[in-house]
Amino acid sequence: MHKSIDCGDLRLEHTGQTVTLAGWVHRRRDHGALIFLDLRDRSGIVQVTCDAQNAAAAHEILNAVRNEYVIQVTGLVQPRPAGLANPNLPTGDIEVQATGAAILNEARTTPFYINEDSDVDEALRLKYRYLDLRRPAVQRNIILRHNVVKTIRDYMADQGFMEIETPVLIKTTPEGARDYVVPSRVHPGEFYALPQSPQQLKQLLMVAGYERYFQIARCFRDEDLRADRQPEFTQLDVEMSFIEREDIMGVIEPLYVRLIEQWGSKPILRKPFPVLTYAEAMAKYGSDKPDLRFGMEFVDLSGLLADSGFGVFSAAVAAGGQVKAVVAPGAAGYSRKQLDDLAEVARRGGAKGLVSIAYRDEGPRASAKALTEGEVAAIAAAAHAGAGDLVLIVADASAAVVAKSLSELRLLLGRQLGLIRADAHALCWVVEFPLLEWSADEQRWSAMHHPFTSAMDEDWDLLESDPGRVRAKAYDLVMDGWEVGGGSIRIHRRERQAAMFRALGIGPEEAEEKFGHLLEAFEYGAPPHGGIATGIDRTVAILAGTPSIRDVIAFPKTASATDLMFRSPSSISPAQLRELHLAVTE
RNA sequence: GGGGACGUAGUGUAGCGGUUAACAUGCCGGCCUGUCAAGCCGGAGAUCGCGGGUUCGAACCCCGUCGUCCCCGCCA
């Protein structure tokens, strides 16, 4: 070992000990004959002093070091002189008086600061990711991630789950996201696909009788990126046999409580986590991943305004649609420009317009003149809007448009008005998702979760008569408005699976070709089973308080799915192409 | 595929049609024994992302392009 103790571990109790440290020069304060040096390793920072009179040789060496040099220092741990302790440093009560020093490696001037939390162009950070990862703030995130994953593994094992690895080279799946694909050298013209998740594999492990499986699993989806989406990401993948929905929730909820209480810095607003049905979540928040750190629930005015003289409202209701509102507390003073911006947000959600009523001290002001005084007063009563509040109303024949528009408005106003509690986490379960959703593009029903999801027992009969009304045994875990997990109870009987494929318009031959292995497996005694997968990257990002999962991934990709350090993807040699039986066409 | 923002010394920014492109910090040199964003003195460092156009004159205006970020589509 090049060191006898870690920098960040030194305390008063080590006083009088001679220690050897090794690390990076974090910062240097040169007073000529006296040099102060902050030495940093993974554990933290400690101040080293070196006095030219007492340690001439060491002083000469430390005089030459610069930021980020890798050095070794031997010295005596001493309490700081009275009044000179640094309360900002865990090691601030002591310092190490160097008696010997060695330069283990020099360092070029870094392209950005390692020793301060300044904003740096992200492209530069990614190009020099190994330096970015050296910055204490980034290092904290990576360490947090390790701790979270460690806690997950310990917890899952304690709960009787086995971690089993599944292949990364597997097979393309027809449903779902675009696959990443790997050409086969041995089988010309054939390809593996990287798993979008180990979905079928974990179900097969249930057939195989492992009963409780988990995996910290890498998943791959070739879709466009977002702040919360990377082409490869990590899930806690879980599957259990002989269970119902509540059993999965009963495993995952205590895990998330533990992760937050052990590694987070904020309390959980509500325990146990509220359970909302999909229908409730859409009705109250217009979203299947509602941010419950604030209120602003929607108010349904459809009944109240069905016969309104304002045609937009009555027409929406007559067309089977809705008129709904949110109350922005204290926003009655919003300017024309601010209201225009809100209307633009509503339009992005599909709404044709936005009606606002500002309940000002001098009287309410409605953007729709056709509303009567009585209606304006009734709306205030129904929405519990008082003086100073702004009511925003969206009407549309489509409930989805109303939901999306109002949801965007709710989130924007929640942020603008400071209503979102930044000092706490709010988690909830969303259950009873629709089993199917209509794909306008393909003119067919498609699985909302995936094709192996079971319908709720009482809804199976609707599958042929009214597919859109069938609810699934599916559930999402939502944290602070992020979808952090999702799962379902699976279909484990072949005839149910066949009915599902029929509903999806997948014929017996196609089903056999694409899912034959799974269907056959189900004929050999598949237990009732179900599972969930939660996003490790998202979970850690929320715990770290960062808006992007890139901040909790050691080597993330850019928005265009490139790696700026490796410069990948990259072309391959003609020889490699030939070997893989590939030709590049453009 | 679409929309938006950004791109100026190593880094972070200012400059938005007219002197030698400014400030902070970092870097280099000198001084300095109690600093912890040390201080003081001096110095070097920019083909203003790239290409084209408008203009007497472009970092600045226009077009294109590349890159990064955010959003929509997409993400069972």
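Chain letters run A, B, ... following the sequence lines, proteins first and then strands; every chain starts at 1. Values in this document were obtained by computation on a predicted structure and should not be read as measured data.
With a cut-off of 3.5 Å on both Watson-Crick or G-U wobble distances, the partner of B:U55 is given as none. For B:G39, the paired base is B:C31 (Watson-Crick or G-U wobble, both distances below 3.5 Å). Using the Watson-Crick or G-U wobble rule with both distances under 3.5 Å, B:C23 pairs with B:G12. B:G64 is paired with B:C50 under the criterion used here, namely a Watson-Crick or G-U wobble arrangement in which both key atom distances are under 3.5 Å.
If you measure from atom CG of A:Asp228 to atom C1' of B:C71, you get 11 Å, rounded to the nearest angstrom. Here B:C75 presents its C1' atom at 12 Å from CG of A:Asp179, a figure rounded to the nearest Å. Rounded to whole Å, atom P of B:G26 lies 9 Å from atom CG of A:Asn67. Here the P atom of nucleotide B:C75 and the CZ atom of A:Arg538 are 14 Å apart, to the nearest Å. Remark: P of B:C75 and CZ of A:Arg229 are 9 Å apart, rounded to the nearest angstrom. A straight line from CD of A:Glu223 to C1' of B:G1 spans 13 Å, rounded to a whole angstrom. Rounding to whole angstrom units, CG of residue A:Asp117 and C1' of B:U25 are separated by 15 Å. With rounding to whole Å, A:Tyr180 atom OH is found 12 Å from B:C75 atom C1'.
Taking atom P in both B:G26 and B:A5, one finds a spacing of 34 Å when rounded to whole Å. B:A9 and B:C27: their C1' atoms are spaced 11 Å apart (whole Å). Here the separation of B:G49 from B:G10, taken at their P atoms, is 13 Å to the nearest Å. Spacing between B:C60 and B:A21 at atom P, rounded to whole Å, works out to 15 Å. Annotation: B:C28 and B:U33 have their C1' atoms spaced 24 Å apart (nearest Å). The P atoms of B:A46 and B:G39 are separated by 26 Å, rounded to the nearest whole Å. Taking atom P in both B:C66 and B:U20, the straight-line distance is 35 Å, to the nearest Å. Across the P atoms, B:G12 and B:C72 are found 27 Å apart, a figure rounded to whole Å.
Nucleic acid contact class of A:Arg125 (heavy atoms, under 4.0 Å, all strands): none. As judged by a 4.0 angstrom heavy-atom cut-off over every strand, A:Lys127 is placed among residues making no nucleic acid contact. Using a 4.0 Å heavy-atom distance criterion, A:Gln196 is classed as making no nucleic acid contact. If you check every strand for non-hydrogen atoms under 4.0 Å, A:Leu564 touches sugar and phosphate atoms only. Counting non-hydrogen atoms under 4.0 angstrom, A:Thr91 reaches nothing in the nucleic acid. Among the protein residues, A:Thr453 comes within range of no part of the nucleic acid, since none of its heavy atoms lies under 4.0 Å from any strand.
When only modelled atom types and interatomic distance are considered, A:Ser488 and A:Arg490 share a side-chain donor-acceptor pair under 3.5 Å.
Residues satisfying the salt bridge (charged side-chain N to carboxylate O under 4.0 Å, His left out) test with A:Asp117, not counting sequence neighbours, are none. The side-chain hydrogen bond (donor to acceptor under 3.5 Å, both in side chains) search around A:Thr546 returns A:Asp551, not counting sequence neighbours. Shown here are the side-chain hydrogen bond (donor to acceptor under 3.5 Å, both in side chains) partners of A:Arg28, two or more places apart in sequence or in another chain: there are none.
A:Glu512 and A:Arg494 are joined by a salt bridge, as a carboxylate oxygen and a charged side-chain nitrogen come within less than 4.0 angstrom of each other. The pair A:Glu495-A:Arg493 counts as a salt bridge, with a side-chain nitrogen and a carboxylate oxygen less than 4.0 angstrom apart. In summary, A:Arg129 and A:Asp132 engage in a salt bridge, as defined by a charged side-chain N under 4.0 Å from a carboxylate O. Salt bridge A:Arg29/A:Asp38: present, at least one basic N to carboxylate O contact under 4.0 Å.
Contact annotation: A:Lys289 does not reach the phosphate of B:C75 (side-chain N/O to OP1 or OP2, under 4.0 Å). At B:U68, one or more side-chain N or O atoms of A:Thr562 fall inside 4.0 Å of OP1 or OP2 (strictly under the cut-off). Note on A:Thr110: every side-chain N or O is 4.0 Å or more away from OP1 and OP2 of B:U11. In this structure, A:Thr558 reaches the B:U68 phosphate: one of its side-chain N or O atoms is under 4.0 Å from OP1 or OP2.
Between A:Val168 and A:Phe220, some side-chain heavy-atom pair lies under the 4.5 Å cut-off. Using a 4.5 Å heavy-atom threshold, the side chains of A:Ile506 and A:Lys514 count as separate.
Remark: A:Arg410 is positioned above the aromatic ring of A:Phe294, its terminal NZ or CZ atom under 6.0 angstrom from the ring centre and at most 45 degrees off the axis.
Side-chain atoms of A:Arg226 come within donor-acceptor range of the base of B:G73, with a qualifying N/O pair under 3.5 Å.
Residues A:Met448 and A:Arg550 both approach RNA chain B. Their nearest nucleotides, taken by heavy-atom distance, put A:Arg550 toward the 5′ side.
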- Which parts of nucleotides 29-43 of chain B does protein reach within less than 4.0 Å, heavy atoms only, written one letter per nucleotide 5' to 3' as B for base, S for sugar-phosphate only and - for none? S--BBBBBSB-----
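Within the structure, every pair that satisfies the side chain to side chain donor-acceptor pair (under 3.5 Å) test and touches residues 552-566 of chain A, not counting sequence neighbours, is listed here: A:Glu232-A:Lys557, A:Thr558-A:Ser560, A:Thr558-A:Thr562.
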For nucleotides 12-15 of chain B, which of its nitrogen or oxygen atoms have a protein nitrogen or oxygen under 3.5 Å away, and what is each distance?
residue	atom	partner	partner atom	Å
B:G12	OP1	A:Asp121	N	2.7

